[in-house]
Amino acid sequence: MARAKDVLTELQARRDWRTALEYFRWMKAQPGFQHSAKLYTGLIHFLGREGQPHAATLLFQEMLLERQRPSHYAYTGLLNAYGRAGMIDDALEVFDYMRGCDDDSCRPNTVTCNVLLGSLCKACRYEKALEVFADMRDPHGPLADRCRPDIFTYNVLVDALCRGGQLDAAAALLHALRVGGLEGGAVRPNVVTFNTLIDAACKAGRAAQAEELVAAMAGQPGVRPDVVTYTALIDAYGKAGLVAKAQAAFQKMRAAGLRADVHVYTALMTACGRAGDVEQAEALFNEMKRMHMKPT
RNA sequence: UACUAGAAUCUGUAUU
């Protein structure tokens, strides 16, 4: 028998939050039925991800009315919903509440802080972002060692620096991560760290730097170029009019055993189109259709 | 509580 969580998982995969809410309501209307705190939490996260902060708020309030105690997961989900929607003041309010919470299970952790940090950076609230980051690093500070920066934290910062045009600072941060690591050597770069900088370098017209970084990935344990890496390169080559290089990168990606997705196909098709090679673009499109490729 | 969160948070294409 299908459980509520499985149904909701499927609806999340389809990104159908309306049906998910409907289903949730229907379940709740069954006599004697009570949703668990985890189910509420899961749906709050889903709604937040789908850019529905209002619906997330209502569900959170309903959760309280149903006497389900929200954990830090639930608060973080709500914070994420606000942060993604640019409702920074609301996000900060949730964060402050969590920070002052007596109940240990509601206190912010590294993920909570990462969500907030990302929201602040996206809203260009850098001063506040740095304040949060400093608190995360201070074991005796208000966050008391539960929020030590991890690689997600640094990836948010690298991304913020890149988007702010501070490519050199971002590169310096990646370098520090690569050489000895940060947080006492505990934090090392992952594929996202590299990809973030590679894409920024590509978009800044620094192809050589991007290629150097791709080569450097091999020297980092557990890191190797993925489809995102190749998409960044192919996009850059295409926009620079270097279709042959774009094609070569695509072949190299396949030779590495990586599965092409919609993004990389689109990038390569666009590159072909720009270069006037409509036939090749069409061939790629047909290939995509044959593979029944789904948006990711 | 029973390694017990059900995708909690980071990067790429196109449209703008």
Side-chain angles (χ1 to χ4, degrees), chain A residues 2-13 15 20 35-50 56 70-81 83-84 91 105 108-122 147 149-163 170 174 187 189-203 210 213 223 225-239 246 249-250 253 258 260-271 273-274 281 284-285 288 293 295-296:
Chain A
R3 285 182 296 174
K5 72 157 191 178
D6 299 319
V7 176
L8 288 172
T9 300
E10 174 60 24
L11 290 168
Q12 286 191 42
R15 306 195 53 176
H35 283 305
S36 67
K38 279 189 188 180
L39 208 67
Y40 273 103
T41 305
L43 198 48
I44 288 166
H45 278 281
F46 180 26
L47 291 168
R49 243 179 280 128
E50 296 300 326
S71 63
H72 62 93
Y73 282 98
Y75 284 103
T76 300
L78 196 60
L79 200 161
N80 188 35
R84 292 181 82 99
S105 68
N109 63 10
T110 297
V111 176
T112 315
C113 295
N114 288 344
V115 172
L116 181 63
L117 204 59
S119 306
L120 289 169
C121 287
K122 224 164 269 170
C147 302
D150 63 6
I151 190 55
F152 280 66
T153 316
Y154 283 99
N155 287 345
V156 167
L157 295 179
V158 167
D159 186 49
L161 287 169
C162 287
R163 291 188 198 282
L174 172 58
V187 181
N190 65 11
V191 65
V192 174
T193 326
F194 279 90
N195 285 345
T196 303
L197 204 58
I198 287 165
D199 182 56
C202 283
K203 288 191 164 62
L213 286 166
V223 177
D226 66 5
V227 63
V228 175
T229 319
Y230 284 102
T231 305
L233 287 175
I234 289 167
D235 177 56
Y237 293 142
K239 285 178 175 148
F250 190 73
M253 183 193 77
L258 294 169
D261 68 7
V262 172
H263 294 305
V264 74
Y265 265 107
T266 307
L268 187 56
M269 276 168 45
T270 306
R274 288 172 69 102
L284 288 164
F285 183 66
M288 258 176 93
M293 202 154 274
T296 45

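Here is how names work: the chains are called A, B, and so on, in the same order as the sequence lines, proteins then strands, and each is numbered from 1.
- With hydrogens and angles ignored, a donor-acceptor pair closer than 3.5 Å exists between the side chain of A:Asp261 and the base of B:G12.
- Checked by atom type and distance alone, the side chain of A:His45 never pairs as donor or acceptor with a backbone atom of A:Asn80 at under 3.5 Å.
- Look at CG on A:Leu39: it is 11 Å from P on B:A7, rounded to the nearest Å.
- Distance A:Lys5 NZ to B:U4 P: 11 Å, rounded to the nearest Å.
- The side chain of A:Asn195 has B:U11 as its nearest neighbour among B:A14, B:U9, B:U11.
- Rounded to a whole angstrom, the distance from the C1' atom of B:A7 to that of B:A2 is 24 Å.
- In this structure, A:Asp150 atom CG and B:C10 atom C1' are separated by 9 Å, rounded to whole Å.
- Looking at A:Asp261, its side chain does come within 3.5 Å of a backbone N or O of A:Val264 through a donor-acceptor pair.
- If you check distances only, the side chain of A:Thr231 does reach the base of B:G12 with a donor-acceptor pair under 3.5 Å.
- As a whole-Å value, the separation of A:Met288 CE from B:U13 C1' is 10 Å.
- Candidate nucleotides B:C10, B:A14, B:A8 were compared by shortest atom distance to the side chain of A:Asp235, and B:A14 ranks first.
- Atom NE2 of A:His263 is separated from atom P of B:A14 by 11 Å (rounded to the nearest Å).
- Listed nucleotides B:A8, B:G12, B:A14 differ in distance to A:His72; the shortest reach to its side chain belongs to B:A8.
- Per the geometry, CZ belonging to A:Arg163 stands 11 Å off P belonging to B:C10, to the nearest Å.
- Looking at A:Thr41, its side chain has no donor and acceptor atom pair within 3.5 Å of the base of B:A8.
- If you measure from atom CG of A:Asn190 to atom P of B:C10, you get 12 Å, rounded to the nearest angstrom.
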List the steps, then state whether side-chain contact (heavy atoms from CB on, under 4.5 Å) holds for A:Thr229 with A:Phe194.
CA-CA 8 Å; A:Thr229 319; A:Phe194 279 90; over 6 Å; no
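- Look at A:Lys239 and you'll find a side-chain N or O under 4.0 angstrom from OP1 or OP2 of B:A14.
- Side-chain contact check for A:Thr153 and A:Asp150: at least one donor-acceptor pair (N or O, by modelled atom type) lies under 3.5 Å.
- Of the listed nucleotides (B:U4, B:U11, B:A7), B:U4 has the atom at the smallest distance from the side chain of A:Lys38.
- Of the candidate nucleotides B:G6, B:U13, B:A8, B:A8 has the atom lying nearest to any side-chain atom of A:Asn109.
- For the 3.5 Å distance criterion, the side chains of A:Thr112 and A:Thr76 qualify, holding a donor opposite an acceptor.
- Nucleotides B:A8 and B:G12 are separated by 23 Å at their C1' atoms, to the nearest Å.
- Considering only side-chain atoms of A:Ser71, the nucleotide from B:A5, B:A14, B:U11 that sits closest is B:A5.
- Between A:Asn155 and A:Asn190, the side chains place a donor N or O and an acceptor N or O closer than 3.5 Å (distance only, hydrogens not considered).
- Comparing B:U9 with B:U13, their C1' atoms sit 23 Å apart, to the nearest whole Å.
- The distance between atom CZ of A:Phe46 and atom C1' of B:G6, rounded to the nearest whole Å, is 12 Å.
- Taking side-chain N and O atoms only, A:Arg274 has no distance below 4.0 Å to OP1 or OP2 of B:U13.
- Proximity of A:Arg84 to the phosphate of B:U9: no side-chain N or O atom is located under 4.0 Å from OP1 or OP2.
- For A:His45, counting side-chain heavy atoms from C-beta on, the closest listed nucleotide (B:G6, B:A14, B:A8) is B:A8.
- For A:Thr9 and B:A7, the shortest distance from a side-chain N or O to OP1 or OP2 is below 4.0 Å.
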